[in-house]
Structure formats: C-alpha cells, structure tokens
J.: 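I'd like to ask you about the structure that follows.
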Number of protein chains: 2
Amino acid sequence: MQKFIKNQLKQKGFKMTNQRKMILQVLENTDTCLSAEEIFMLVKDINPSVCLTTIYRTIEILIKNNLLTKIDVGDNRYRYEIRTNKHHHHAVCLKCKKMICLEGCPMDYFEKQIKDKVNFTITGHRLEFYGYCLECK
Amino acid sequence: MQKFIKNQLKQKGFKMTNQRKMILQVLENTDTCLSAEEIFMLVKDINPSVCLTTIYRTIEILIKNNLLTKIDVGDNRYRYEIRTNKHHHHAVCLKCKKMICLEGCPMDYFEKQIKDKVNFTITGHRLEFYGYCLECK
DNA sequence: GGGTAATTGCAAATGGTTTGCAATTAGATG
DNA sequence: CATCTAATTGCAAACCATTTGCAATTACCC
Ligand SMILES: [Mn+2]
Ligand SMILES: [Mn+2]
Ligand SMILES: [Zn+2]
Ligand SMILES: [Zn+2]
C-alpha cells in the first residue's frame with residue numbers, strides 16, 4: 001500500500017519530500033483515524049522541524065487523489081484515514097471519539113461483530129450515501 | 001411534533017421565548033438539513049433582530065435534549081435536522097451539499113429507492129455506529 | 001552540479017463556533 | 001395585574017481548526 005500511494009503521487013507529478021514520507025508513515029502505522037493535530041504530533045516525534053501547514057497541505061493532496069478519507073465525529077475536528085483496499089466502517093465512541101475500524105460491510109454482520117468482538121455498545125447509527133444529485137450530475 | 005418538542009423543553013424548565021419559537025418553526029418547515037447560518041437567515045426573515053449566538057445556543061439545547069441531530073457533510077460546517085419520529089437516512093450531494101431525506105432504513109431498500117425515486121447517483125457511502133466503547137461505558 | 005517549478009515554514013487571515021457580561025424577558029407568585 | 005428572579009438574549013470579543021500569502025528551500029529532470 002505504502003508503495004501504491006507513493007507511486008500514485010509520483011505519477012501525478014508530486015515530489016516525494018521527507019515531510020510527505022513521514023506523514024504517510026504515520027498514517028500507515030496507526031490503527032485509528034487521526035486528526036491533523038495528532039498527525040502533526042506523531043510526525044514531530046520523527047522530525048521536530050515540521051509545520052502543521054504542511055500536514056494540512058499534504059492531507060489536501062491525498063484527499064483530492066482519493067488516497068485519504070475525511071471523517072467527522074461531531075467535535076469540530078476532522079479525522080483522516082489512509083486508503084485501504086478493504087472497504088470498511090467504524091464504531092465511534094461518543095465520549096472519547098475513538099474510532100474502531102470494523103471489517104467487512106453488510107449491516108447485520110456488523111451489528112453482531114460489534115456486540116461480540118469489539119465490545120462496543122450501540123446506541124444508534126448513521127448511514128449516509130455520497131454521490132451527485134440530479135442538478136449536479 | 002411541534003407540540004412534542006415544546007412540551008419537552010417546557011418540562012425541562014426552558015422558557016419558550018419568541019426566538020426559540022421562530023427557530024423551531026424554521027426547523028420544522030424545511031425539507032433539508034440547515035446550517036446555523038441558514039437557520040439564522042430564515043429566522044431573520046421572520047424577525048430581523050435575532051442574533052446568531054442565540055441560534056447556536058438553541059441548537060445546543062436541542063441537541064442535548066435529543067430534539068435535533070448534528071450532521072456533517074465535510075465542509076467545515078454542520079447541518080442540523082429537527083427530530084422526527086421516523087428514523088431515516090440521507091443522500092448528500094458532493095457538490096452542493098444538499099441533503100435529501102430518504103424514508104425507512106434497510107440498506108438494500110435504500111439503494112433501490114435512491115436510484116428509482118430520488119434520482120441520485122451513488123458513488124459511495126459511509127456508515128457509522130454511535131455508542132460507547134468499553135472504557136467509556 | 002545547475003536550473004526551475006514544486007514545496008516548505010512562518011505569520012497572518014479566515015470563518016464557524018463559543019464565551020463573558022450587562023441588559024432584557026418569561027413566567028411563577030401573590 | 002404588578003412584582004420578582006432566574007433564564008435568556010444581543011453584542012463584542014475570544015477561540016481554534018483550517019487556509020492563505022510569500023519568501024526561502026528543496027526535489028528532481030537535464
Ligand atoms: Mn460500506
Ligand atoms: Mn438507520
Ligand atoms: Zn471511548
Ligand atoms: Zn447537488
């Protein structure tokens with residue numbers, strides 16, 4: 001995957017800078033979704049001379065090229081998740097906003113998995129479809 | 001529904017001010033989800049002397065009392081939807097961010113409805129469960 | 001290694017949302 | 001109906017995640 005993303009970027013004419021390498025490394029070595037600030041902190045652990053702006057600009061590039069997903073949890077701060085080849089969903093804790101990645105997709109499968117494996121108490125869910133309406137198509 | 005919400009608020013000790021009446025009226029007379037700014041504009045059409053702050057504070061109360069839902073579409077601005085007794089989902093246009101309310105819930109039913117009735121081209125979807133994780137339960 | 005366009009860091013701007021505070025008001029009480 | 005008080009409001013300022021302008025730096029094609 002690491003390779004795939006780097007190739008995608010190179011192919012589109014983006015330079016593979018040290019900052020971008022570090023950001024990708026951080027995004028690929030986490031098991032949750034990270035906020036810009038969290039990515040920033042983790043990248044600083046590798047090299048303290050990075051700038052938050054660079055994080056945001058890299059995020060923008062990745063999203064525009066379908067290599068990163070922007071996720072909202074309702075606390076005025078987005079989380080980002082690097083592209084995986086397995087389509088999946090999340091369980092979001094209303095209190096600490098932690099996002100637990102779930103495998104697979106069909107809803108009923110999920111409900112069972114969440115209760116049995118992840119130990120997450122469901123109080124509700126939200127399902128949104130993305131695409132284009134009649135006027136914008 | 002109008003009545004139900006007012007009763008809920010009164011029961012919890014909130015005053016039924018003119019501002020709150022107008023905000024509820026606006027929220028109940030729309031067929032999409034509105035941003036705070038949009039609610040503000042619509043309320044100003046009724047009475048120009050209202051303040052955006054009041055919109056936000058009312059939104060906060062409604063959300064805390066489960067009378068309003070906060071929805072994110074990815075453009076740094078939340079949309080709000082007044083409580084309905086029919087659980088339902090949305091189709092969000094990636095371009096204009098318009099939210100089309102869908103009836104019912106099961107996924108397969110939706111996919112058909114979206115294609116046939118609402119004329120919305122699906123390019124993807126997101127499903128999130130809300131609740132509490134092991135530590136926060 | 002040199003040339004050039006892309007990228008970066010810094011500081012400042014942006015914009016949605018929140019907060020402090022004094023003035024106003026709903027609605028309970030008599 | 002007039003009085004009282006806690007809740008609510010409007011205004012201005014703060015907040016804070018994200019974005020932008022610009023000069024200095026860097027990747028990478030030759
Ligand atoms: Mn899915
Ligand atoms: Mn549902
Ligand atoms: Zn939690
Ligand atoms: Zn549209």
J.: Give me the residues of residues 53-64 of chain A where at least one heavy atom lies under 4.0 Å from an atom of DNA chain C, by number, or none.
T.: A/Thr53, A/Thr54, A/Arg57
J.: Over all heavy atoms of both residues, which pair between B/His88 and B/Cys101 is shortest? Give the atoms and the distance, please.
T.: NE2-SG, 3.7 Å
J.: Report which part of the nucleic acid A/Ser49 touches: base, sugar-phosphate, or nothing (heavy-atom distance under 4.0 Å, all strands).
T.: sugar-phosphate
J.: Spell out protein contact along nucleotides 24-29 of chain D as letters: B when the base is contacted, S when just the sugar-phosphate is, - when no protein heavy atom is under 4.0 Å; keep the 5' to 3' order.
T.: --BBS-
J.: Could you measure the distance from the CZ atom of A/Phe40 to the OG1 atom of A/Thr53? Nearest 0.5 Å is fine.
T.: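 OG1 of A/Thr53 is found 8.5 Å from CZ of A/Phe40.
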J.: How many angstroms lie between CG in A/Leu24 and OG1 in A/Thr58, if you round to the nearest 0.5 Å?
T.: 8.0 Å
J.: Contact list please: residues 40-47 of chain A against DNA chain C, heavy atoms, distance less than 4.0 Å, in numerical order.
T.: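 Contacts with DNA chain C under 4.0 Å: none.
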J.: Specify the residue among A/Cys51 and B/Asn76 whose closest nucleotide of DNA chain C lies further upstream toward the 5′ end.
T.: A/Cys51
J.: Please report, rounded to the nearest Å, how far the C1' atom of D/dA7 is from the NZ atom of B/Lys12.
T.: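 Computing the B/Lys12:NZ to D/dA7:C1' distance gives 17 Å.
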J.: Can B/Ile46 and B/Val26 be said to form a side chain to side chain contact (heavy atoms under 4.5 Å, CB included), step by step?
T.: CA-CA 9 Å; B/Ile46 309 174; B/Val26 161; 4.1 Å; yes
J.: Return the nearest nucleotide to the side chain of B/Val50; candidates are C/dC10, C/dT17, D/dG10.
T.: D/dG10
J.: Looking at every heavy atom in both A/Val50 and A/Gln19, which two are closest together, and how far apart are they?
T.: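 Heavy-atom minimum between the residues: CG1-CG, 4.0 Å.
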J.: How many Å lie between CG on B/Leu9 and P on C/dG27, as a whole number?
T.: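 Rounded to whole Å, this separation is 11 Å.
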J.: In whole angstroms, how far is the P atom of C/dG16 from the CG atom of A/Asp75?
T.: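 Value for this atom pair: 18 Å.
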J.: Which value, rounded to the nearest 0.5 Å, describes the distance between A/Ile82 atom CD1 and A/Ile5 atom CD1?
T.: 3.5 Å
J.: Is a donor on one side and an acceptor on the other found under 3.5 Å between the side chain of A/Tyr78 and the backbone of A/Leu34?
T.: no
J.: Within this structure, what is the CG-SG distance for the pair B/Asp72 and B/Cys33, rounded to the nearest 0.5 Å?
T.: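 One gets 11.5 Å once the value is rounded to the nearest 0.5 Å.
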J.: What is the distance, rounded to the nearest whole Å, between atom CD1 of A/Ile23 and atom P of C/dT7?
T.: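 These atoms are roughly 12 Å apart.
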J.: How far does CG of B/Leu67 sit from CD1 of B/Ile59, to the nearest 0.5 angstrom?
T.: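 With rounding to 0.5 Å, CG (B/Leu67) is 13.0 Å from CD1 (B/Ile59).
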J.: Side chain of A/Arg20, heavy atoms from C-beta onward: which of C/dT7, D/dG10, C/dT17 has the nearest atom to it?
T.: C/dT7
J.: Under 3.5 Å, side chain of B/Asn47 to main-chain N/O of B/Ser49, donor-acceptor pair present?
T.: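 It does hold such a pair.
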J.: How long is the straight-line distance from CD1 of B/Ile39 back to OG1 of B/Thr30, given to the nearest 0.5 Å?
T.: 9.0 Å
